[in-house]
Structure formats: structure tokens, C-alpha cells
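All remarks here apply to the structure that follows.
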Amino acid sequence: MPRIVIERDRCKGCELCVKACPQQILGMTKELNSKGYFFAFVAEQKRCIGCRVCCITCPDVAISMCVNGTMIHYFRY
Amino acid sequence: MPRIVIERDRCKGCELCVKACPQQILGMTKELNSKGYFFAFVAEQKRCIGCRVCCITCPDVAISMCVNGTMIHYFRY
Amino acid sequence: MQHDMIIAGFGGQGALLIGKMLAYAGMHQGKEVSWLPSYGPEMRGGTANCTVVISDRPVGSPVIKTPRALLALNLPSLDKFEDLVRPGGVILVNTSLVNREAHRTDLKIVKVAANDIANDLGNPRGANMVALGAFVGATGVVDLCEVEALVRETFARKPALVEANLTALFAGFAAVGGAMADDVAATPVGNS
Amino acid sequence: MQHDMIIAGFGGQGALLIGKMLAYAGMHQGKEVSWLPSYGPEMRGGTANCTVVISDRPVGSPVIKTPRALLALNLPSLDKFEDLVRPGGVILVNTSLVNREAHRTDLKIVKVAANDIANDLGNPRGANMVALGAFVGATGVVDLCEVEALVRETFARKPALVEANLTALFAGFAAVGGAMADDVAATPVGNS
Amino acid sequence: MPDRTQAVFGYPSALRDVTTHYCPGCTHGVIHRMVAEVLDELGVRSRTVGVAPVGCAVLAYDYFNADMQQASHGRAPAVATGIKRARPDLVVFTYQGDGDLASIGMSEILHCANRGEKVTVVFVNNAIYGMTGGQMAPTTMPGQVTTTSPLGRDVRLAGEPIRMAEMLCTLRTPAFVARGAVHRPLHAVRTKDLLRRAFTYQVEDRCFSMVEILSTCPTNWGLPPQEACDWVEQTMVPYFPLGIFKTPDGSDRAPRPVW
Amino acid sequence: MPDRTQAVFGYPSALRDVTTHYCPGCTHGVIHRMVAEVLDELGVRSRTVGVAPVGCAVLAYDYFNADMQQASHGRAPAVATGIKRARPDLVVFTYQGDGDLASIGMSEILHCANRGEKVTVVFVNNAIYGMTGGQMAPTTMPGQVTTTSPLGRDVRLAGEPIRMAEMLCTLRTPAFVARGAVHRPLHAVRTKDLLRRAFTYQVEDRCFSMVEILSTCPTNWGLPPQEACDWVEQTMVPYFPLGIFKTPDGSDRAPRPVW
Amino acid sequence: MAKKLMKGCEAIGEAAIRAGCRLFFGYPITPQNEIPEYLSQRMPQVGGTFVQAESEVAASNMIYGAAGAGERVFTSSSSPGISLMQEAVSYLAGAELPAVIVNIMRAGPGLGGILPSQADYLQATKGGGHGDFNAIVLAPWSVQEAADLVADAFDLADFYRNPVYVLGDGLVGQMMEPVEFRDERQPIRPLEPKTWASTGWKKDRPRAVINSLYLDADTLERHNVDLQAKFATIRRDEVRWQGYHLDGDYDVLIIAYGTVARVCLTAVEELREKGINAAILRPISLYPFPYQALREAAQKASAVLVVELSAGQMVQDVHLALQGSRPVHFLGRTGGNLVSPEEAAAKVADVLEGRSVEVRHA
Amino acid sequence: MAKKLMKGCEAIGEAAIRAGCRLFFGYPITPQNEIPEYLSQRMPQVGGTFVQAESEVAASNMIYGAAGAGERVFTSSSSPGISLMQEAVSYLAGAELPAVIVNIMRAGPGLGGILPSQADYLQATKGGGHGDFNAIVLAPWSVQEAADLVADAFDLADFYRNPVYVLGDGLVGQMMEPVEFRDERQPIRPLEPKTWASTGWKKDRPRAVINSLYLDADTLERHNVDLQAKFATIRRDEVRWQGYHLDGDYDVLIIAYGTVARVCLTAVEELREKGINAAILRPISLYPFPYQALREAAQKASAVLVVELSAGQMVQDVHLALQGSRPVHFLGRTGGNLVSPEEAAAKVADVLEGRSVEVRHA
Ligand SMILES: Cc1ncc(C[n+]2csc(CCOP(=O)(O)OP(=O)(O)O)c2C)c(N)n1
Ligand SMILES: Cc1ncc(C[n+]2csc(CCOP(=O)(O)OP(=O)(O)O)c2C)c(N)n1
Ligand code: SF4
Ligand code: SF4
Ligand code: SF4
Ligand code: SF4
Ligand code: SF4
Ligand code: SF4
Ligand SMILES: [Mg+2]
Ligand SMILES: [Mg+2]
């Protein structure tokens, strides 16, 4: 099971990850982080397919991913 | 009849015209001109075919050509 | 007589615009004016501030270390400039975005909830006009009617905007009572 | 004591090389020396000259306006420098290429037909060595044996050239008698 | 049960743990991360020296966990030449914007490539001068409004956008020249491959390498980040085709005479 | 019988009646004459301003019977831009060597071409720095001995010779770009046609134009003039193909990605 | 024309247009981007030309070409960009071409920062480029004066056929003040038609050759002698400065230029209210420097205080003027920090009360 | 090592190699082409690197990179080329990088000519680049000294982490003189390992960042204060000059540097034989300038004569030194013309006999 972690205070609220997630499981908070941005969060972790698209998209390296077990990746990144 | 005139004191003695003339009718003097060069001269005017190759070749514009009558030129220059 | 002030806020809050309108209004009133932006490193999202001087005589230094008035549109601005304002001066605090009290006691603190007022008017982008109106009311650095004329002129092509902005402006002016002007102007000043 | 001289000629005549050999020889004799080329606009076919100073003491100015000796390898060189040579000095004229007499009377004029001598030796390219030998003979600015050693060293890898060049060198030296050295050296000199 | 949790995407160790000054959604950040990941993957971070440009990426010297030099505007390839010739054992890269590389630094990049300096150039083409507030760049698109082309770039007066990858690939000196983009995740994936290849050529002491990367400037384009990405796709990609233009073992790519 | 004698080849009126400082057999002189003839033929001499470079042709300002400007090293295209923008009615040309245009002036020529300045560039490529005594130029041939490549140009350290015509023709801005030579009379004839065309494009206010012309430097190549011409044919022409590379109405010539 | 509130940079652009300049070549750099930006909009409106050059090197050579073609032309940049123009400035001077170069100085050295500075004083006034030449250097202290001096700069450039710098600190470029443009401006010097310009040779005048190459030493020396004569005329005729409170008594004479002089003026007003007598001499032309005026003004003072946004550059000219006749003190800020009126006033007090150390060349 | 007859340019190249420099980046320009030419041959022989840069702009930034990587590196050029390096020189100073820049000066301004000159004095010593910085400037008067100073220049550059100019007139570059290279040369200053250099970060030291950008005004000001402190140390410790006949009596003190000083020395010897007492002070370091030595030496003289191949540039420093204590006279040639011993001697006579007019800053 892939687990996506978005570091709240790294996020600049650009929404690119939200738009990029093929599962559309990320959302934006209505709360400001310490930098003054509305930040992204994982709305539905369990539907995540572990594609890493959100991680790859984030310009601020705010998103990381862990997996429990082995995963096949369809592209080298 | 084409007439080739080589201006003695314009010539720098590079011999390019001599080598270029298809009729091989140009030569080099053994005399120095005012610039201190052995200069080119027309050895056999009458064999000149008026091709202008010597004129076109001379880097110092020392060679000019006149014709008496009409001439056909095979290339626009 | 010289009025000098710092208008400070977040990048998008319109601090530079407020300053420019004050300077313009002052000029139209026949005063000498200068407007100086902070132009820091071109990084986005930082704070923006400007210094405005409105004077009866040619403006000396356009750089004012200890202004007579401060408009603090947000908390960082209050933090940064509060201590610099001259005793006897005025600090106008935008309480919508500043969640602490000013601690100075040797000058006049005026408050206006600019964003809240603007929101209430159904014109959230008008917070800057509310703040401008309140600042004019609190300091009297220029006449409100000059600012009004300026707003009419600026948005001449978009009458709807004129109305919305004037409403906000007046609301701000009203919110602070629009009365303390002369106090400030009378602050004793060395070079004016 | 200071010898200073200008060696001048056409680009290809080897004036710069002659000057360098004189400077080298001087250095090997334990003197202080300097060699300064004229480096005019980079146009071809012009004249080339160099100034050589050989002195017992550190060389002051490497620029010499009024040299004690001149080697004029061609006519333009004589034209240009004749009037500058100090009274009592020496002018060596390469009569092969200079078709006029030198007009100075207050100094020693020496003549050598360098190109002719070289041609006679069957070594037309050796004209510069003839001139060098003659110059050493006429002025004594350096010892001939130093120059000889230098030639041997320079062409060490090509023995044939050593012989040909030495022959030319000695021929030049002989052509001027190789005797007037001390006269020149004794020219009264301010700063030597 | 043993914990088999495994990080499959994290913060690259060649990137310093600081917040960049880049605007929200600016893809400079994506490119930084990918360069750092490649340095990690190739295991060369500790012998890498990066050269920061003058441009929005000027502070790159604060963002990479490597020794860095900050070059004068446009001269990063010359600075990189100096470093690489001084210390051929180092892995040297420049990180340059389009104003830096294609305008003021045109001569330096071309000659660096032509000498075949074994350095890697990361060329971030965002069709604008970001740092100075949105002036026209050599790569600004026809009709694009900037602060110095207020009516849109007029190609009759300012010429057409310059395609650096195309120009560089005509040089005969062996090189790796490619163009990627990062406005879609899959482009980013491919572009990272290009970067990996570019650095590998250097590590193997093969040739000069440059990867041009189409990037966004939401702030100065006046577009929200996602729309900026779309603009890259719609406007830039057709003019700046993506792909590999030259490899060191490829044939001569200079155009022949027309007649 | 009336005298029907007619001068069919004479001294062009756009060339001043002075002896140039060029070395015997140096083809700079041929190129000068042809440029002057074209100015005469097009009848534009009196509204022409030429720009002399820094290089052997620095004194070109003394050789053309036209108003002239002498530019700093490599910047003739920028100077020409200034002149042409100031007075679009003028016919403006630069005359530049390979050190001037392809080394220090690389940026200026590329941007001038890319902006599409309506000027004509006469680019004299003699594979060496003539003026300063024979140092290596960007166009020096592999293995060619110069005073700064005493063992011959080592392409592993100095890169391959740069082909400017090829590089310029990849720009998308319309232009006329061609390469000629003058080491054989018939090449000279063709090259004059190229020059005529180049100036005509300018006179018609069409586009930027550049004619690269392979030229000799007998002095610094250490070859008699005729052998220098032969060297052009044998060594340079195979690497620098002659012909027209781009016309303003031609299609895009930028290479496409390889994959 | 009515007064308008304008940024210094915009006023500079507008002033150039009103001075008849229709050509601008420049490259972006903070803090003067508003000049090219303004002109990219305005030039087309007046039929003029705006070209964003590929670099400062190119821009400076473009103005060479345009100036040589007889047109009014200018460029603008900030410190690092101005350094890149130094070869071209020397060429402009050598070829005697009129052109205006605006430098809105930022803090250095190197990339430095983008905040205001006056640390390019020596570059502009003494030795930026190679060879013996001088550019005229004018330094405005307000937006209005920036506009006025730009107009004058074009006249002086044309009159002397010489490059002219307008040297502004970042403040002058960035601040807004009311500015008024006179509609009917007359040239401040009688200007001749530019018959020397290369505009196509119709044989109605000598061939125009724009050049700075003289291979023959004597010819080049004559050219240099002529240039030096011109610079001597400039030194005689073009000195500009303003004094404040020079008529009364004063103990300290402050020398400052640009916006720093305004800061000092505020300080002086405050000091005078406290009974401390100080006066100001503000050089407006930095080259030619008002040596004599300064020497004379210093006579009343017991000490001279130089205030600059630099580590002390104009100090050299002050020393050259005073030749040791008065002690010289210095107050400078660098890095983009500004001098405040309070600081200036405090320094005056320090000077008077012996707490300040004289600066000397040791 | 035995003495060798070498051109100044070649000696400079050889001296650099013997000082351990293995990197040269440069661009051809007369009259210093023999430096790159010599090094293109020599560098490969010693395992070093010779790169012909595409321009002076590139060359000066290449030395920035190589210096930042901790290696000894130099470039050379002549006047117009040096102007093109001014941005980079400011960057070198700002980033505190050690590099040596040789300028074999030619006559200007603009393209000028290729003959000898000293007209880049002010550029080198005062204000070539933007911002507050100084380069150390050393001026040799002979081929031997050129070689020696080049070696010292590398040490000084490394010790102070600052650019150093070696400023030669065309004569020094072109003439041949015997030169001797000491085999076992020790650095003239204690040199530390360059731990600040960017050579790959193995986490055994702080990350090395070569940079001159400081966006925060206070930080940049602190950096400037540090730099100024360094320049003050240089002014205190690195003054070099030589006196000739300073021990005896003299009426006129001549100030000259480079080969001009040799010409003057010849003149002085001749004058002394005629009973006219003159002495010479020859600055070897032009920055730092020997202000104090000059002030002291001038005390014995009734007048000071500055001789330069320029329109009068060092004169400014002489005035700064003397502060009006002695009348200053000037003899200068430009355009590539040289001062002859006769001319110098005649000028001394003119000064003594009141036929020479003092130079002042008016
Ligand atoms: C010599 C010089 N000229 C100009 C500048 C100003 N300047 C700083 S960044 C920049 C342009 C940056 O644009 P780009 O390279 O495209 O980078 P981006 O900010 O878009 O990433 C300019 C012109 C400078 N610092 N130095
Ligand atoms: C800024 C500057 N750098 C260098 C030079 C020296 N320089 C004069 S001509 C020249 C090269 C000329 O070569 P090229 O352009 O090929 O012309 P050619 O002489 O071969 O015709 C150089 C480097 C200079 N005058 N100015
Ligand atoms: S890994 Fe893929 S599915 Fe999961 S959150 Fe990220 S983008 Fe969405
Ligand atoms: S992409 Fe990154 S910075 Fe942008 S919203 Fe998502 S987590 Fe935040
Ligand atoms: S015209 Fe032709 S044939 Fe006649 S001389 Fe010239 S080259 Fe020879
Ligand atoms: S080509 Fe011209 S210069 Fe050469 S030899 Fe013939 S006439 Fe003389
Ligand atoms: S200005 Fe543009 S390029 Fe620069 S950080 Fe912001 S979005 Fe990115
Ligand atoms: S040096 Fe070469 S290019 Fe220059 S004139 Fe001589 S032959 Fe021609
Ligand atoms: Mg960009
Ligand atoms: Mg060439």
C-alpha cells in the first residue's frame, strides 16, 4: 500500500499535484500553513495507486511516498 | 579585340593572374615597381580571349580590360 | 509642515497603490510629495512597503527612518515598523489581519478591520480603499475629497468600480471617525 | 660604457635577428643588454628595426633616440635614421641595397656590400651574417668570437649551416677590416 | 510482521533542505529536484560543482548540496570551462535561464559547446526574464506580452524565438543535445532520463551535454500554475519540439546548402 | 571609324583609389572589389554606410568610397543595427573576419540575424587571425598550425571549426545565408552573384543577409598566394560547402529531433 | 505641461523622448527596468525605436552605430551592465560620438545586490574604460532633476561629441515625484548640424568616417591632444553644483550628491534648528567636478564632511580640491543601506566634537 | 638558472609557469600576443592547460571559474580587452578570488593604436569595474622585474584572495632582456590551503560557495566592510617603490613607473653629470600607491615632476600624496609616442627655470 505524505509547511499551494493526480484524491485545505499558503492534503489515501505523479509534479518536493511491500513501477524515475 | 592593361604600380606581384590566365599570356617582370614588387605584364596581348579571369583574380584591381566592339560574356560579373 | 508615512503590507494588499494615491492627492492639493517603494530582491510573496512624504516645502530626504504615521496592513508590517514611528505619531492597524495589540503608548493607535469591512460591503478587493479612507481619516495627511476625486479619475472608464471603491473609501474614513487629522499635523517637526 | 645601436632593414632582411644576436653576444660577454623591436601596425612588407643596448651597467632607457651606431640594411633605413646617429658614431651601410652616399661627415661611415658578398659566397641568404660580421668589425660592440660561438650554438643541429653562416660572418668582418672597434667605444657618453 | 515500509520517493540528498524562493507552481523547483536526484543516482554529488546563473535561479547555490559557484550573467559556460579545465575530475554543471544562456550568454554557450567542454548544461527555457520582472527573452513566443513587448512580441522587429537545441546540434564537435519539458509528469520523467544521460556522458568523459527544459513562469506569464503548464503544451511545445537532437555518436547534423 | 573602345572591367567607383595594406595575393582585396562593384551596380553607394571590423580589414573604412564606421572587435553587427534602426533608408553592411564574427562577435551576429536586421554581412573566413599574426580562429581547420596551436588545431581540446552559415540558417527569422569563395575566378563570379543577391534583399527591405566567403591568408598560412588558393580548395571547401543555405522564402531549416 | 507623478526611471525615459531622442537600445537590469519598459511602450507611440539588445555589450555598440549615424540615442543600465560597456564608452569617446548613458547604480562589487548605491563614481568620473578620455557625468537628486539633466545630457553630448553619463542612485530611479516637462525646450548649447555623421556620402561634404584607430603615433597623439583640449573646455564651462546655506556661517561643509544630498539637507535643517551651522555643496556635474567652488566654500568651514553611498569614492576628488587645506571626514554606507538624516546629523556632531577621524591617503 | 634573453611577454609566461600556474585563458591582442603564443607551446609541455577563449569576456570568466576551483590561473590582454573584463574583475573582487591579470597597455582611447602607453592607470587603480573594490596593481620596468612581479602577483592574489593586475606598457612586453628565474622560489607570503575553493563537497569542511551576491543590505554592507578592511591591510603592507638618488640632494623629484622610469633614470644620470640634481621615486605598486614615501621624498625637492605615457593619470595620486605641499609638473606623451631621456631632461630644466606650468585641479 503506497502512502503519500505531504509536508504541510513545504507546500506553496500551487495545486499542481491536485490537478495531476490521476485518482483525484488530493485536495487543498482552507487553512494557511506557516508560509501563508493554503496547502495540499491527501483526501483519500486508500484510493492511491502509487503512481508517484504527485511527487514528480510537486516543485517544492513537499510530497513523498512510502510503500509497504514491493511495487512495480512503470517508469524509471 | 580585348585589351588588358596592368597598372604597374598597383601590382603587388602575387602572380595570381599569371597562374589564372587560361591563355597563359601574362608574365612577371624582373623589374621592381615603385612599391618594390616584381610586377605582372601582358606578354601576348593578341592571344587574349577577353575572358576577364585575370581582372577578376587580381586582389589589387591592377588589371583592367577594354574591348573594341561588342563582346559576348559568358558570365555576368 | 511635513507629513511622512510608511504604508506596509503583503505584496497583493495594495500598499504601494495606497501610497501612490496619497502622494497624488497631496500633489493635487499643491503640496510637494515623494513616493518611494521598497524594492527588495525580486522574490515573490514578500512584504511591500512605501514611504510617502507630503510637505509644504521641497521634500528633503525621501527616505524616512522615523515616520510620523504608519499604516500596517498586516502583522509583519506592524512588527517591522511599530517601533520606528515618532512619538506623537499615528499607527493605523488593520485588525482584520493583525491579531495583536500595538504596544506603543506614546502615540495614537487607530484600528480598522479593513478586510472585514470590505467583505461586509460585498467588495473583498476593496480592503485597500477601506484602509486608505481610514488612514486619511486617522491622519488627515490629505483631504478626503482629493482622494475621492482621484478615485473618480482613476476608474473613470468603469463607473461601477468608482462607486464600489468610493463606498469602501468612505466606510474606512467613517470607521475611524475621520477626525484626528489636526493632532498629527501638529506633531512638532524639526525640518518642516 | 654603453653601446647602443639601431639595426634597420626590410622585413625579411633579418634586422631583428642581427639585433638579437648582438644582444645575446653582449650578454654572454657579461654585459647588460636590451633589445627592443619596432612593432608597428601589423602591415606586411614594411621596414623592421630594433634598438640594442649593450652596457656595463644596468640599461637605462631601452629607447634610444640618438644611437651611437646604425646598421642600415637598405635605403629607407638610412633615410630614416642617418640624421639621428650621434656625432662620432658609426654608420654601416649595406651598399648592395643603398644606392646613395651617406651625407654625415661628423661620424664614421663604413660600407659593406652585404648581399653581393653573400652572393659571391654562393649563399644569398647569408647577407644578414655578412652584415652582422661587418657591423661587429666596424663597431666592436661585441667580440667576434662571441658571435661565432652563438652561430655554432644556434645552428648546432645543422652543421652545414654553421659553416655557411660563419663563412659569411667572417667575410663581413674582414670586409670592413675589423679594426675600428675602440674608436666607437670611446665616444664620450653622458650616462655610461 | 516485519516493517517492510520503503521510501520510494523522497527528498534527494543533493538538494538542501531549504525552502526555495521560487514562486508557487514555478517548475524551476521540479528541475532542481531532478538534477539533484540524478547527482544522487550517479553517486557524484561529492565531486560535483554547480554553476548558478544570474536569473531566478541565482540562488541555486543555496539549493544544491554541493560546492557551487555563482557566475556573472550569461557567463556560466565560461566559468564552467574554467572549473573543468582546472579540475577535470570534477563533475561540472551549469543551470541557466533563457535570458542568461540565449541572450547575453549566447557566445559563451556556443563556444563552450564547440570546444567540447565536458560539462553539463541545464538550460531552463521559460520564454521570459523571470528574475527582472518579465521582460522579453530570446525565446519569448510570437505575440507573447511581456513588460518590454507590451503589445506582444513582434517578430518583424524582434525576430522569431531562438531554438538553442537546434542551433547547438549543428556544431560538428561531438555533444549530447536534447530538449525536455516538465509541465506534465510524463514529460518530467522523460526529461529526467535526458538529464541522467547528459550527466552520464560527462561522467564517462565523453562530451559536452546540454538539456534544454521548457519551464513555466506563472508569475510573469500572469497565469495560475496549471494554466501555465497548459500554455507550455499548447504554445511552446509546437515551436520547441521535444526530443534528442544530437548524440556524440550521431552523424553531422549541419544543414547542407539548398542549392 | 568611330572609336568603339569600351571598358568592360575597370576600377569600381565605390572603391577608393588607394593601395590597400593587404599582403600580396591576399583575397581580402578581391572581396573588397566585388562588394564595391555590387554597390555600384545597384546604384546605392551614396546611401551606403559600411562597418569595418577589427581585423586585417580594419582599414576598410579607408577603402570604400562610402561613409564608414569602424566598430569594436566583433560588434559590427550591433553597430550596424544601430545605424540601420537610426536610418532605415541607408544600405548598411558589415565586413568581418572569422575571429571578429565567429569568436568574439558570435553573440552579436546571431542576434542581429535573429532580429532580422535588414543589413548585409560580408563574412571573410580565412581560417586564422590575420591581423594579430596568425593565431587560431574558430574556423581554423583540424591540424592547422597557427601561432596558438603550434602543433596543429587539436579538435579534442579546441573543438571542430565552426560553420557559421550552417548555424545561422537554422534560425527561423527569414534571411539570406550563403557561402562563396574567391580562390578560383569562377568561384569569385558566383560569389559576386551571392553578394548582389544579399544586397538586393536589403535594398528591397526583405531580410537580413550574410555571405560567408572563404578567403586566403598567404602570410599567416605561410604559403605563396597560389598555393593558398589551392589550400582553400583542398582543405576548406570540403568542410565549408559552398552554396545558398537559406533564402527568406525558403522553409524552416532547423534540424528536427533525432528521436 | 502639468505636473505628473512619475517614477524617476519613467521620467528619464519621457525626458529623452522630449529631448528628441527616438532611439533606445538597452538590456534589462534592476533597478532600472522601468526605463526600457516605459520606452518599449512609448517609443512606438512617437514613431521611435525601442530595441532590447542581447546584452549590454551589444547595446553600447548599437548606440555607437546610431550616434555615428547622427541620431540622438541613449541606453541605460545598472552597475554590472555598465562595466560591460566600458570598451564601448572608450570607443565612443575615441570616435567623438555623442550618446547618453544612464546608470542607475546598485550595490556591488560583483553581482552585489539591487539596492541603491553610489559606488560607480570612480568608474564614471575617472577610469572606467581604457585610454585617456572623460565622459561628462551628471548626477540628479530628484525625479525632476533627473528629467532635466537627461535633456541637458543630450545637448552636452551633441555639443561636445562626447558620451555623457547620467548617474543616479537606485533611489532616484525608483521613487515617484511630481515632474514637469517644459513644452518648448531650447538646447542649452548652440548645436550645429551633424555633418560628420555617416548618413550616406553624396559627395556634398567630406566622406564621413567614424573611427578611433590611428596607427601612426603622431596622429594618435594629435587626436589625444585635441581630446584633452575638449576636456579642458568641458572642465572650464560645464561645472554644475548647488550650495545650501553657503551664504551664512557654517562650521561643517557637507559634500554630497544625488539623493544623499537631500538626506543631508534634511539633516542640516534639523541641525540648524539646534543651532549647529552646517552647509552643503552638492556637485551636480561629477565630471567636471566643482573643484574650485568646493575650495572656496570650504574656506568658511573648519571641516568638510563627505557623505556617499560608497566606501568613499568622491572623497578623492574632495581631497584633490582641498589639497589639504581642510580636514576631510567621511560618512558612507554600502550594500544598499541608506544614510538617514539622523545619521548624517550625528556625524556632523561627531566631526564638530572631535569624535570623527579625518580620512587621508596614507 | 642561467640568464636567458627573453621578450617581456615570454618572460611573463615563463614566470607564471614557474610560479606554479598551470592554467591560462586568453584572447589574442597586440602587443601581448607573445604571451598566449608562448603558453600555447609551453603549457602542454608542463602538463598545463592553454585555452584560447572566444573573447576577453569569456577569458575573464574562465579565470573566475578556475580560481574558484582553487587553482592558480591568469589571463593577459591589452587595453580594449581589459575594458571588456571589468565586470569580471569586479566579480573576482566581490567573490574574493585570486587571479592575475596582465595588461600590456597600448594607446587609446577606443581602438587607438598598438604602440606603448600607460593610459590605463586610472582604470587599474581606481574605477575600472563597478562597486567598491581595488585590485593590487604592480608595474614592472624591466623584463626581469616583469618576471619577478608576475611570480609575486600570484602570491599576493592567493594571500589576499583578490585580483592582481600586472600593468606593463607595450615596451616591457616587447623588449628582450636577460632574465633569470630563481629555481627555488618561496612564496613571499605564507599561503594557506584553499579550503574555500569549490572542489567537490565531501562534507569535511563547510560547503564551498563562490559568490558575490548578498541580497540583504546589511549582509552586503558587512561584506563590503570586510573587503575594505582587507584593502586597508593591503595599503599598509604592500606598498612597493624604489628611489634613485634619494639619499643626496635634489631639486626636482621625478615620479615615473614602468619603462618610463628607466628613461627618466637615464635623463637623471645625464642631468647629474651637468650638475643638475634630480632624483626619482618609482612606484612599483600602483595600488597601493606609495603616498607616504612620495610625501617624504618630496620634502627635499622644490618641485615634483610626473612623467607618464598618458595625458596625466598618476598625477592624481601624486596630488593626493602631496596635498599641495609641492608644485607638481607633468610630462606626458600619448598615442604610442615615447618619452625620450632628452625630453625628460629638458623638462626638468624647464621646471627648474620656471618655464613649466604647474598642473592643478581647477
Ligand atoms: C550584466 C547583467 N545584465 C543584466 C542583469 C540583470 N538580470 C538579472 S536576471 C536577468 C534575466 C534572467 O532571465 P533568465 O535568464 O531567463 O532567467 P529566469 O529568471 O527567467 O529564470 C537579467 C537581465 C545582470 N544581473 N547582469
Ligand atoms: C577587444 C579586442 N580584442 C582583441 C583585439 C585584437 N585583435 C585585432 S584583430 C583580431 C583578430 C582578427 O582576426 P579576423 O577577424 O579573423 O580577421 P583577419 O585579420 O583574419 O581578416 C584580434 C584578436 C582587439 N583589437 N580588440
Ligand atoms: S501517487 Fe498517484 S494516485 Fe497516489 S496521490 Fe500521488 S498522484 Fe495520486
Ligand atoms: S504540488 Fe507541492 S507545492 Fe503544489 S500544492 Fe501540491 S504539495 Fe503543494
Ligand atoms: S582576359 Fe583572360 S585571356 Fe586575357 S589576359 Fe586576362 S585571363 Fe588571360
Ligand atoms: S594578380 Fe594583380 S597584384 Fe597579383 S600579380 Fe597579377 S596584377 Fe599583380
Ligand atoms: S518569477 Fe517566474 S521563473 Fe522566477 S520564480 Fe517566479 S515563476 Fe519562477
Ligand atoms: S595577414 Fe593574411 S589576411 Fe591579413 S592582409 Fe595579410 S594575407 Fe591578408
Ligand atoms: Mg527565463
Ligand atoms: Mg581571419
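Quick note on labels: first sequence line is chain A, next is B, and so on, each numbered from 1.
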Check your understanding: Is it the side chain or the backbone of T48(E) that comes within 4.5 Å of chain H heavy atoms, both, or neither?
Key -> backbone

Study note, to complete from the structure: What one should report as the nearest heavy-atom pair of Q70(E) and Y91(H) is OE1-CE2, 3.8 Å

Review point. Hey, what do you get for CD (Q69(E)) to CG (L97(H)), rounding to the nearest 0.5 Å?
Key: 7.0 Å

Exercise for review: For the pair W201(H) and R45(E), evaluate side-chain contact (heavy atoms from CB on, under 4.5 Å) and give the outcome as yes or no after the intermediate values.
Suggested key: CA-CA 8 Å; W201(H) 187 43; R45(E) 192 209 51 74; 3.6 Å; yes

Study note, to complete from the structure: If one checks every heavy atom of A88(H) against chain E at 4.5 Å, the contacting part turns out to be neither

Point to revise | CG-NE2 distance between N61(H) and H73(E), expressed to the nearest 0.5 angstrom | key: 12.0 Å

Practice item. Identify the heavy atoms of A86(E) and L23(H) that sit nearest to each other, and give their distance. Key: CB-CD1, 3.5 Å

Review point. How about E54(H) and S107(E): does a side-chain donor come under 3.5 Å of a side-chain acceptor?
Key: no

Review point. For N65(E), is it the side chain, the backbone, both or neither that has a heavy atom under 4.5 Å from a heavy atom of chain H?
Key: both

Review point. Atom CZ of R207(H) and atom CZ of R16(E): how far apart are they, to the nearest 0.5 Å?
Key: 4.0 Å

Point to revise | Pairs of heavy atoms under 4.5 Å with chain E: top-ranked of V73(H), V57(H), T199(H), T49(H) | key: T199(H)

Point to revise | From M62(H) atom CE to E117(E) atom CD, the distance as rounded to the nearest 0.5 Å | key: 6.5 Å

Study note, to complete from the structure: Cut-off 4.5 Å, heavy atoms of chain H, and the answer for V44(E) is neither

Check your understanding: Based on non-hydrogen pairs under 4.5 Å, which of R75(E), K84(E), R47(E) is most in contact with chain H?
Key -> R75(E)

**Study point:** From CG (D62(E)) to CG (L213(H)), nearest 0.5 Å
**Key:** 9.0 Å

Review point. In terms of heavy-atom pairs under 4.5 Å, which option from P77(E), A52(E), A66(E) contacts chain H the most?
Key: A66(E)

Point to revise | Test: E71(H) and R85(E) ion pair at under 4.0 Å | key: no

**Study point:** Other residues, nucleotides, ligands: >12 heavy atoms within 6.0 Å of Q45(H) CD
**Key:** yes

**Study point:** Among K202(H), K203(H), R205(H), the one residue meeting salt bridge (Lys or Arg N to Asp or Glu O under 4.0 Å) with D67(E)
**Key:** R205(H)

Study note, to complete from the structure: Interface check, chain H: of V92(E), L90(E), V91(E), L110(E), most non-hydrogen pairs under 4.5 Å belong to L90(E)

Review point. How far does OH of Y64(H) sit from CD1 of I83(E), to the nearest 0.5 angstrom?
Key: 9.0 Å

